[in-house]
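Since the model is a prediction, treat every value here as computed from it, not as a measurement. Convention: sequence-line order gives letters A, B, ...; per-chain numbering from 1.
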Amino acid sequence: MSNTTEHGITIRFQESDRECAGKFAASQPTAEKNQQVYYNTLAVLAVNTFMEELRYETDLDAGDSWHPVIRMFNNVADLVLPGIGKIECCPVKVGEEAISLPSEVRENRIAYVAVEFAEPFDKVKLLGFVPAVVIGDETEQIPLSALKPVEELLDYLYRIESGILELEGAIKELLSSPTEDDPVEAKVQEILAGISIAEIVAKLNIVYRSHEESNWGYEGGKALAGVGSGGGILGGRNREDSMNKSSPRGISSDIDEDVAAELNLIAEDLLEKLAEIWGDGDE
Amino acid sequence: MTRHNAPVEPLQGLDSVAASFNLLLLPVTGGEIKPISLTLLLLARYGAIFSGIMALSQCYPNAPVNNELDLKVKSLILQGLDEAEAERRTTIQSLLALTDYLPKSKTKERIDIGLQPYYDEAVKDTEKYMIKRLDKFPEKYDLDINNASPSEVCQCFVRWYNLNITRDCIDVWRRYQRIRFIDLDAPSSQENATSKEETIADPKPQPPIDEIEQKERFQQLKAYFETDPEQRLRNCATRKYPSCNCWELIKRRILTSPPQTFKEIKQDLGIPLDNITRLWYNKSVPLLAKIAQEIGYEIDANKLPEIEEE
């Protein structure tokens, strides 16, 4: 276990938390599913308490984990931060060395928080987090050694929150401009419409922190297109390996060069806006 | 860890500090104090807080953090824990004065650059919060303060301070941005828990009350989704892409194991991602809950999401 997990943050449950988890678990069809829902619910409630302490607005009801049917069929423990995105709260038992990511939680998340359970289950420890953008599409586990201290979640969320505020107008404008006669613009709009603003900001945050300003367009364009910097750093398949090598911009084959060029320009423009609020990017 | 990069400012009383280290501060007339300036100023600032602990670390800037600093932090925390909340201000102020010298602590210079303009205002809130919540600090980090090493206590204190100052900076930033935030005075659910005794350990989740009944009802629900007997699910589709209907999405995201991601569905159906996600969140998700309720699942009517029109 890494140093970062040695002193997680302890969250103590209230009786109402356990009642809620028990109620959700009781309507599951099998004992195995019963346990899964019980721990998932408590994990969400623990992170919810933590986020409330940090004065973040949360919406439990908006999560799949609070939906009676979705939690019955899927293995989900998501917590919605309105206007920002979803955090997946991943239960882990003492002694385990990684958190598991079922396929249903590998999209539409901004971060994964590891929540450690130990008997007598009156409290849990938040071990740390991983930003979702470093998870590849096929990452099934995150080793605990890869976790960042949970305190840094605040810095990460601030980046996303401030970035959303900064870019919201520009992205809405991009998505609303007419594209009937321009297939390139139409394709760009389709790509951007498929990503939430929070995801766009999170992807650009990685580019901002990892690349020189001279590469912002190229790397940012790739991130928006869903290849390269925006995902897959931690485990899983490196999608860049499978992209069309003949493409001069290194973008996958289903995105033509004009679309890639346009995405590069958009990414560069958005990153320049973010640089104004994020400063020089030094940690 | 080193503290050689800690920010410093000259302090009054430099002469006496210099004298205590047998250094001559007075410059040649018209000259500057450059030859000894930085080191001496560092010494002065530290010396003003507690004398004598800086000499070694300044001679060896890469040396491990001085144990005396950790000891000082630990003793101040213990002192604060012994004090009543109303008497704790001076102790917390002394702790906050040390944060500039603690490795990895978020000083004004080290906090996210976007938050720096709000730091001075936020640190007042942080002080108040730490006075009020110092009692919760050991529990939050699962620390047995009396028996923990000073370095361990100090590391946890830095993490706690970083969390609090960042949260308060974001709060002030939000105030200036005039965006929504939760009432600062509203206690969180955890803060309402006054003692360990309030929470009763419950070792394991209880099995379903009536497992057979739960299984039967689940099978009924599953069968409904599989067959869509009233064609409610397949008739719920986007106008532009009839093949993208609620039934199709439910089969792929609920009945398939592992469920398909939106990206995979997009690739299979050749439909833009936002059309798929809109149909899912606006129509399919509410419909799932409604059908479950009709089959007999207890669902709070207030929590049933409304099905939005396309």
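The closest side-chain donor-acceptor pair between B:Tyr281 and A:Asn108 falls under 3.5 angstrom.
The nearest pair of heavy atoms linking B:Pro272 to A:Glu190 is CB-CG, 3.9 Å. Nearest heavy atom pair, residue A:Arg55 against residue B:Asp171, reads NH1-OD2, 2.6 Å. Nearest heavy atom pair, residue B:Lys215 against residue A:Pro29, reads CG-O, 3.1 Å.
At a threshold of 4.5 Å between non-hydrogen side-chain atoms, the residues B:Leu163 and A:Ile9 count as touching. Between A:Arg106 and B:Thr261, every side-chain heavy-atom pair lies at or beyond the 4.5 Å cut-off. Proximity of B:Arg253 to A:Ile70: side-chain heavy atoms (C-beta onward) are nowhere separated by under 4.5 Å. Looking only at side-chain heavy atoms (C-beta outward), A:Glu151 and B:Thr166 stay at 4.5 Å or farther from each other. The shortest side-chain heavy-atom distance between B:Phe225 and A:Val69 falls under the 4.5 Å cut-off. A heavy-atom distance below 4.5 Å is not found between the side chains of B:Glu298 and A:Ser27. With contacts defined as side-chain heavy-atom distances shorter than 4.5 Å, the pair A:Phe73/B:Thr256 does not qualify. Looking only at side-chain heavy atoms (C-beta outward), A:Pro102 and B:Pro258 stay at 4.5 Å or farther from each other.
Note on B:Lys222, B:Glu213, B:Gln260: by heavy-atom pairs under 4.5 Å with chain A, the leading option is B:Lys222. Comparing B:Leu255, B:Thr277, B:Leu221, B:Ile111 by heavy-atom pairs within less than 4.5 Å of chain A, the highest count is held by B:Leu221. Your options are A:Asn75, A:Leu42, A:Leu54, and the one with the most heavy-atom pairs under 4.5 Å with chain B is A:Leu54. Of all the listed residues (B:Leu273, B:Ile291, B:Ile170, B:Ile212), the one sharing the greatest number of non-hydrogen pairs under 4.5 Å with chain A is B:Ile170. Among B:Ser257, B:Cys169, B:Pro259, B:Gly114, the residue making the largest number of heavy-atom pairs under 4.5 Å with chain A is B:Pro259.
Proximity to chain A involves both the backbone and the side chain of B:Phe262, based on heavy atoms less than 4.5 angstrom apart. For B:Leu115, the parts sitting under 4.5 Å from any heavy atom of chain A are the backbone and the side chain alike.
Using a cut-off of 4.0 Å between Lys/Arg side-chain N and Asp/Glu carboxylate O, A:Glu161 and B:Arg174 are scored as salt-bridged. Residues A:Arg12 and B:Glu139 are paired through a salt bridge, judged by an N-O separation under 4.0 Å between the basic side chain and the carboxylate.
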Original post:
Where do A:Thr10 and B:Lys140 land on the side chain to side chain contact (heavy atoms under 4.5 Å, CB included) test, with the steps shown first?
Top reply: CA-CA 5 Å; A:Thr10 301; B:Lys140 198 173 257 310; 5.6 Å; no
**OP:** Could you give me the CA-CA distance, side-chain angles and deciding distance for B:Trp173 and A:Leu165, then say whether side chain to side chain contact (heavy atoms under 4.5 Å, CB included) is met?
**Re:** CA-CA 12 Å; B:Trp173 168 75; A:Leu165 271 180; 3.8 Å; yes
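Annotation: the span from B:Asp112 atom CG to A:Leu154 atom CG amounts to 11.0 Å, rounded to 0.5 Å. Atom CD of A:Glu104 sits about 9.0 Å away from atom CD1 of B:Ile254, to the nearest 0.5 Å.
With sequence neighbours excluded, the residues that form a side-chain contact (heavy atoms from CB on, under 4.5 Å) with A:Ile277 are A:Ser162, A:Glu166, A:Leu274. Partners of B:Lys240 by side-chain contact (heavy atoms from CB on, under 4.5 Å), not counting sequence neighbours: none found.
The closest donor-acceptor contact from the side chain of B:Gln214 to the backbone of A:Ala26 lies under 3.5 Å.
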